Amino acid sequence: MKLRVKLGLIATVAMGATLLGLNPISVTSQQSTTGVAYAATTINAKHQGLVGDGATSNNTALQAMIDKWSDNVTIHVPKGTYLFDAGNIKLHSNITFKFDKGAVFRITGGQRVNFVYPSPEAGYDGGISNVTWQNATFQGDNTSAGQSVFTQSIHHAQNVNFDKCVFDNAESPTGHYIDIDGSHNVNITIQYSRALMVHRIQGSDSSRLLE
């Protein structure tokens, strides 16, 4: 009887996750004296408000998603072209962006988006940690309005990974794709880049760039 009740609770949790747009990694039933164990949170970006039609601005939706899921989350980005306007996107610790093949973050019209890695506390260990981009594509262009830019502003952060990422024509003409300031263990594996520029500021260490 107790097992049936526990399975019923698991089924309810899984159904609720589906309605919220979550992608549960796995749900297993097992008897335990400490209660039910839950899988790490994985959310579908489209189900949570991102629009991959190449025309709709996604700044507000992405920031709201990051703020809502504030601890240990994987954001699954399905195939699509996600447009951004000028502005800042503020990240937090323990977040992974996992891009499907054909999923693109795009900036155009001479605008600039900064992905900000804040440093809530003073010192080289005061920043956020454990941020990963998997198979991400950052795409810009250069039109009569100017160069469109994506920038990663990594300040006093730890354990930041760019895994098989694409940086395509979105570099700052006066700066860099990636600015690293006083950070530790920043690893960059490039799938493709058009003039990737990485700026390491004094105080950063254990940073690796692999092509």
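Computed from a predicted structure; not experimentally measured. Just the heavy atoms: all of them, side chains too, but no hydrogens, waters or symmetry mates, feed the values below.
- Checked against a 6.0 Å centroid threshold, the rings of Phe84 and Phe105 count as neighbours.
- No donor-acceptor contact under 3.5 angstrom links the side chains of Asn44 and Gln48, judged on distance only.
- The shortest heavy-atom contact between Asn135 and Cys165 is N-SG, 4.4 Å.
- Rounding to the nearest 0.5 Å gives a distance of 9.5 Å between OG1 of Thr143 and CD of Gln111.
- Here Lys101 contributes atom NZ and Thr137 contributes atom OG1; the two are 11.0 Å apart, rounded to the nearest 0.5 Å.
- We find the OG1-CD distance between Thr74 and Gln134 to be 7.5 Å, quoted to the nearest 0.5 Å.
- Within the 4.5 Å cutoff, side-chain heavy atoms of Leu50 are placed close to those of Met65.
- A single hydrophobic cluster is not seen to contain both Phe138 and Leu83; linkage of ILVMFWY side chains at heavy-atom distances under 4.5 Å, directly or through other members, places them apart.
- Under the 4.5 Å side-chain heavy-atom criterion for ILVMFWY residues, no single connected hydrophobic cluster contains both Leu62 and Val149.
- A donor-acceptor distance shorter than 3.5 angstrom exists from the side chain of Ser148 to the backbone of Gly110, with no hydrogens or angles considered.
- Under the side chain to side chain donor-acceptor pair (under 3.5 Å) criterion, Asp71 pairs with no residue at all, not counting sequence neighbours.
- Judged by distance alone, with hydrogens and angles left aside, the side-chain atoms of Asn161 form no donor-acceptor pair with the main-chain N or O of Asp163 at under 3.5 Å.
- The structure places CD of Glu171 at 12.5 Å from CD1 of Ile178, a figure rounded to the nearest 0.5 Å.
- Once rounded to the nearest 0.5 Å, the distance linking NE2 of His156 with OG of Ser183 reads 7.0 Å.
- Proximity of Lys46 to Val51: side-chain heavy atoms (C-beta onward) are nowhere separated by under 4.5 Å.
- Pro120 and Gly126 get closest at one heavy-atom pair: CD-O, 2.9 Å.
- Across every non-hydrogen atom of His155 and Ser119, the tightest pair is CD2-CB, 3.3 Å.
- In this view, Ser57 and Asn59, Asp85 satisfy the side chain to side chain donor-acceptor pair (under 3.5 Å) rule, not counting sequence neighbours.
- Using the six-membered ring where Trp is involved, Phe99 and Trp133 have ring planes that are tilted, between 30° and 60° apart.
- There is a side-chain donor-acceptor pair under 3.5 Å between Gln147 and Asn142.
- Residue Lys98 places its NZ atom among 12 or fewer non-hydrogen atoms of other residues, nucleotides or ligands, all under 6.0 Å distant.
- Closest of all the heavy-atom pairs between Pro78 and Ala103 is O-CB, 3.2 Å.
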Exercise answer: donor-acceptor pairs, residues 86-96 side-chain atoms, under 3.5 Å, sequence neighbours excluded:
unit_1: Asn88; atom_1: OD1; unit_2: Asn114; atom_2: ND2; d: 3.0
unit_1: His92; atom_1: NE2; unit_2: Ile66; atom_2: O; d: 3.1
unit_1: His92; atom_1: NE2; unit_2: Trp69; atom_2: O; d: 2.9
unit_1: Ser93; atom_1: OG; unit_2: Ser129; atom_2: N; d: 3.0
unit_1: Asn94; atom_1: OD1; unit_2: Asn130; atom_2: ND2; d: 3.0

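- Residues Val104 and Phe167 do not share a hydrophobic cluster, clusters being chains of Ile/Leu/Val/Met/Phe/Trp/Tyr side chains in contact below 4.5 Å.
- Connection of Val113 to Phe162 is established within a shared hydrophobic cluster, with ILVMFWY side chains joined at heavy-atom distances below 4.5 Å, either directly or through further cluster members.
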Residues Val77, Asp100; criterion side-chain contact (heavy atoms from CB on, under 4.5 Å); working and verdict: CA-CA 6 Å; Val77 184; Asp100 282 349; over 6 Å; no
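- The closest donor-acceptor contact from the side chain of Asn159 to the backbone of Asn185 lies at 3.5 Å or more, if one exists at all.
- The closest donor-acceptor contact from the side chain of Tyr177 to the backbone of Ala170 lies under 3.5 Å.
- At distances below 3.5 Å, not a single donor-acceptor pair connects side-chain atoms of Thr151 with backbone N or O atoms of Ser153.
- Judged as a side chain to side chain donor-acceptor pair (under 3.5 Å), and not counting sequence neighbours, Tyr82 has no contacts.
- Side-chain N or O atoms of Asp67 include none that pairs as donor or acceptor with a backbone N or O of Ser70 at under 3.5 Å.
- Residue pairs that meet the salt bridge (Lys or Arg N to Asp or Glu O under 4.0 Å) test with at least one member in residues 125-154, sequence neighbours left out, are Arg106-Asp141.
- For the ring pair (Phe, Tyr, Trp, His ring centres under 6.0 Å) test, no residue two or more places apart in sequence or in another chain qualifies with Tyr117.
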